[in-house]
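Throughout, protein chains are lettered first and strands after them, A, B, ... in sequence-line order, and every chain is numbered starting at 1.
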Amino acid sequence: MKEKKWKKGERLESTASTGRSDFIRDIISEDLKINKNDGRVHTRFPPEPNGYLHIGHAKSICLNFEIANENKEGLCNLRFDDTNPIKEEAEYVDSIKEDVYWLGFDWGEREYYASDYFETLYKYAVQLIKNTKAYVCDLSADEMREYRGTLTEPGKDSPYRARSIEENLDLFERMRAGEFKDGSRTLRAKIDMSSGNINMRDPVIYRIQRAVHHRTGDKWCIYPMYDFAHCVSDSIEGITHSLCTLEFEDHRPLYDWFLDELAIHHPQQIEFARLNITHTVLSKRKLNTLVNQGHVTGWDDPRMPTLSGLRRRGYTPEAIKNFCDRIGVARRNSAVDMALLEHCVREDLNKRAPRYMAVLNPLKVIIDNYPEGQVEEMDAVNNPEDESMGKRKVPFSRELYIELHDFMEDPPKKFFRLAPGREVRLRYAYFITCKDVVKNEKGDIIELHCTYDPQTKGGDAPDKRKVKATLHWVSAAHSREAEVRLYDHLFSVPEPGKDFIDHLNPDSLRVLTSCRIEPALLEADMCQFERLGYFCLDPQETFVKRKPVFNRTVSLRDKWGKIQKKAGR
RNA sequence: UGGGGUGUGGUGAAGUGGUAUCACGGCAGAUUCUGGUUCUGCUUUCAGGGGUUCGAAUCCUCUCACCCCAGCCA
């Protein structure tokens, strides 16, 4: 019989003070009202240490930890679901802890491992045998598949299903003792081989597997399966609400069955839709393929949606958490627009990133009427959004660099940057007018000759005349060379799908090696390059390349870019 | 007639019998020493049919579409 654990019903107050409301928080509010679990709220984030965390995990981390934080005495455990020694490694445990901590969540002393419960799990398995609810099965993997039936046909009972309790007890003990070959026997739950839910067709709960476990070494040669280990681990830890993704929905009857048969504390499993984001992939398998086939440099490649990749790209924990809060929690499969993630970083970085000037594609500008050898220190605001971030000095001299794209010899209508005969402002410095364009034999523009108006020092004209553009610049002699890496979507289509490799964006990385940065910038790690975007220093690459290497976190919103794109079509 | 889910603007979410709401995106404008930020306005939606009701995204019913499940993975 179907039983809905969350009845659609009267309007519920949202949890705590956040004002946020979603179906999970509604369930918890209702549970609190009837004093279920003595009013406790206890969640857990249960990663398997077999890979790196990505932003999809962040959704789950935020959900679990924030729900705990929203409730008085609410707790959230960090539990490693380490029941498969073949796939799991201590290295992943460390990276997962680092990522969760980086996001800003605290699991206190509650760092647990399913492997801590192996002994207890074994005892519970014995209890199931004693209750005639589990049996040792000698079917091979292939045979078991045959016996299982199909989606539309029921399965058949295993010939070993009717073994006596004594025989099962003996065999199971000897499985543990290592008397049998890997894969030769399993312990199975005795449920219903004709169930429409394939998970209930006598699922395996223990398999024989001689492998070194990252924590228990070679102490065990039998390991519990997820369905058994997970619900019991939740129960042992006193979890009240066990939140997981939609694909475990079919496992809930099994989750409930084990706990009912064992008659132990019974958390409620609640499923929600996993996160998808456009223009990227969020499955361990696909991310793994990207790494293994060399489409990216590693799990922390700044184009990867992994937490380590996003961190290296310059995303802040605040931006990611804000994103996770905004996408909501629901039960329908969906794909969030990458633009929302980008909006969230811009919003955060706009408030906190100090501004600097950097020229990505330098074009030399010579101010003909500026005294040779003269240097002036211009006052520049570090962050117009936050006065407390103060000011700095930027050296100005006769020879400068501006952005190549800020000049056009024959500008179209809506281009209002520098052009022959046109006057623009150099930010925090002077108005300049372009007088002459110097080209090489190939016809490439290599140098501009301009004049400046000494009256406009600081950037304002005494006669109040206006200019239509303000350009960023650096002093040629005072600026330093840097490498800048510009990132774009990893995939050129919103939903890469099964053939995702075919849709890789060839321009997801562009490396610019002769950029010029203002001297003060050397001290910044995260910053805005004015008019360009948000960037962060890549410490590893800076060390390797022996010059500053910056990653572009995200570009600024770009109206001119949009106009150009439209014109291009 | 295998089982389990899900359908609300371009996208993600709220809404649980009483004017469909919010955010992102897009478009237009204002402000601006960043074509940034900020501000304003516009844009477009209840999968479909039938029923109940004074009144339906919401209740009933039929249909359609999509997602998940046949690991000794989690």
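To the nearest whole angstrom, the two C1' atoms, one in B:G36 and one in B:C68, are 44 Å apart. A distance of about 23 Å separates the P atoms of B:U53 and B:G48, rounded to the whole Å. For B:G25 and B:C64, the C1' atoms lie 30 Å apart once the distance is rounded to whole Å.
The side chain to side chain donor-acceptor pair (under 3.5 Å) test applied to A:S140 returns A:E143, not counting sequence neighbours.
Of the candidates B:C24, B:G5, B:U34, B:C24 carries the atom nearest the A:R326 side chain, counting heavy atoms from C-beta on. Across B:U11, B:U37, B:G5, the shortest atom-to-atom separation from the side chain of A:D337 is found for B:U11. Comparing B:G12, B:A14, B:C67 by their closest approach to the side chain of A:D22 singles out B:A14. Side-chain proximity of A:A339 to the nucleotides B:G25, B:C67, B:A70 is greatest for B:G25. Closest to the side chain of A:Y226, from the set B:A70, B:A74, B:G7, is B:A74. Counting only heavy atoms from C-beta on, A:L556 has its side chain closest to B:U34 among B:A74, B:G25, B:U34. Among B:U34, B:G35, B:A70, the nucleotide with an atom closest to any side-chain atom of A:Q528 is B:U34. In the set B:U34, B:C24, B:G36, B:G36 carries the atom at the smallest distance from any side-chain atom of A:K559. Listed candidates were B:G5, B:C72, B:C73. Nearest to the side chain of A:R331 is B:G5. Of the candidate nucleotides B:U34, B:G12, B:C24, B:G12 has the atom nearest to the side chain of A:V336.
Base pairing of B:C27 is made with B:G41, judged by Watson-Crick or G-U wobble geometry with both donor-acceptor distances under 3.5 Å.
A:H343 has its NE2 atom 8 Å from the C1' atom of B:A23, to the nearest Å. Note: CG (A:D142) to P (B:G71) measures 10 Å, nearest angstrom. For the pair A:N199 CG and B:C68 P, the interatomic distance rounds to 15 Å; values are reported in whole Å. Straight-line distance from the CG atom of A:L254 to the C1' atom of B:G4: 14 Å, rounded to whole Å. One atom, CZ of A:F272, and another, C1' of B:G4, lie 18 Å apart when rounded to the nearest Å. Between the CG atom of A:N333 and the P atom of B:U8 there is a distance of 12 Å, given to the nearest Å. Rounded to whole angstrom, the span from the CZ atom of A:F529 across to the P atom of B:U37 amounts to 18 Å. Per the geometry, CD1 belonging to A:I402 stands 15 Å off C1' belonging to B:U34, to the nearest Å.
Contact annotation for A:K284: no contact, since no heavy-atom pair falls under 4.0 Å across all strands. Backbone-only contact: A:V329 has heavy atoms under 4.0 Å from sugar-phosphate atoms and none from a base. Residue contacts for A:I563: at a heavy-atom cut-off of 4.0 Å it reaches a base atom on one of the strands shown. When heavy atoms are screened at a 4.0 angstrom cut-off, A:D250 is found touching base atoms of the nucleic acid. Contact annotation for A:R148: backbone-only contact, meaning every heavy-atom pair under 4.0 Å involves sugar-phosphate atoms and none involves a base. In this structure, A:K562 reaches the sugar-phosphate backbone alone: every heavy-atom distance under 4.0 Å involves primed, P, OP1 or OP2 atoms, never a base. Across all strands shown, A:A335 has heavy atoms under 4.0 Å from sugar-phosphate atoms exclusively, and none from any base. Nucleic acid contact for A:I222: none, since no nucleic acid atom lies under 4.0 Å from a heavy atom of the residue. In this structure, A:F416 reaches the bases: a heavy-atom distance under 4.0 Å links it to at least one base atom across the strands shown. Residue-level contact check: A:P253 touches neither bases nor backbone, having no heavy atom under 4.0 Å from any strand. Residue A:F415 is classed as a base contact, given a heavy-atom separation below 4.0 Å to a base. Within 4.0 Å (heavy atoms only), A:M144 reaches at least one base atom of the nucleic acid. Among the protein residues, A:Y428 comes within range of the nucleic acid bases, having at least one heavy atom under 4.0 Å from a base atom. At the heavy-atom level, A:I327 lies under 4.0 Å from the strands shown only through sugar-phosphate atoms.
The side chain of A:T150 places no N or O atom within less than 4.0 Å of a non-bridging phosphate oxygen (OP1 or OP2) of B:G2. Taking only side-chain nitrogens and oxygens, A:R557 comes nearer than 4.0 Å to OP1 or OP2 of B:G26. Side-chain nitrogen and oxygen atoms of A:Q564 include none within less than 4.0 Å of the OP1 or OP2 phosphate oxygen of B:G35. For B:G15, the OP1/OP2 oxygens have a side-chain nitrogen or oxygen of A:S21 closer than 4.0 Å. Contact annotation: A:R145 side-chain N/O to B:C72 OP1/OP2 distance is not under 4.0 Å. Between A:K566 and B:C27 there is a side-chain polar atom (N or O) within less than 4.0 angstrom of OP1 or OP2.
Taking the six-membered ring where tryptophan is involved, the planes of A:F529 and A:F535 are essentially parallel, since the angle between them stays under 30° and well short of 60°. Using cut-offs of 30° and 60° on the angle between ring planes, the pair A:Y223 and A:H213 is parallel.
Along RNA chain B, the nucleotide nearest to A:S195 and the one nearest to A:H251 differ in position, and the one closer to the 5' end is contacted by A:S195. Nucleotides of RNA chain B nearest to A:G196 and A:V204 differ in position, and the one nearer the 5' end is that of A:G196.
For A:E89, the CD atom sits in a packed shell: over 12 heavy atoms of surrounding residues, nucleotides or ligands are nearer than 6.0 Å. In A:E377, the CD atom is crowded: over 12 heavy atoms of neighbouring residues, nucleotides or ligands sit closer than 6.0 Å.
The base of B:G4 has none of its N or O atoms less than 3.5 Å from a complementary donor or acceptor on the side chain of A:E271. A donor and an acceptor atom sit less than 3.5 Å apart, one in the side chain of A:R332 and one in the base of B:U8. Judged by distance alone with a 3.5 Å cut-off, no donor-acceptor contact links the side chain of A:R346 to the base of B:U37.
A:Y226 and A:F248 have their aromatic ring centers within a separation under 6.0 angstrom. Checked against a 6.0 Å centroid threshold, the rings of A:Y92 and A:F80 do not count as neighbours. Taking the centre of each ring, A:Y135 and A:F172 stay at or above the 6.0 Å mark.
Geometrically, A:R425 does not engage A:Y430 in a cation-pi contact defined by less than 6.0 Å to the ring centre and at most 45° from the axis.
Taking 4.5 Å as the limit, some side-chain heavy atom of A:S21 sits within range of a side-chain heavy atom of A:D26.
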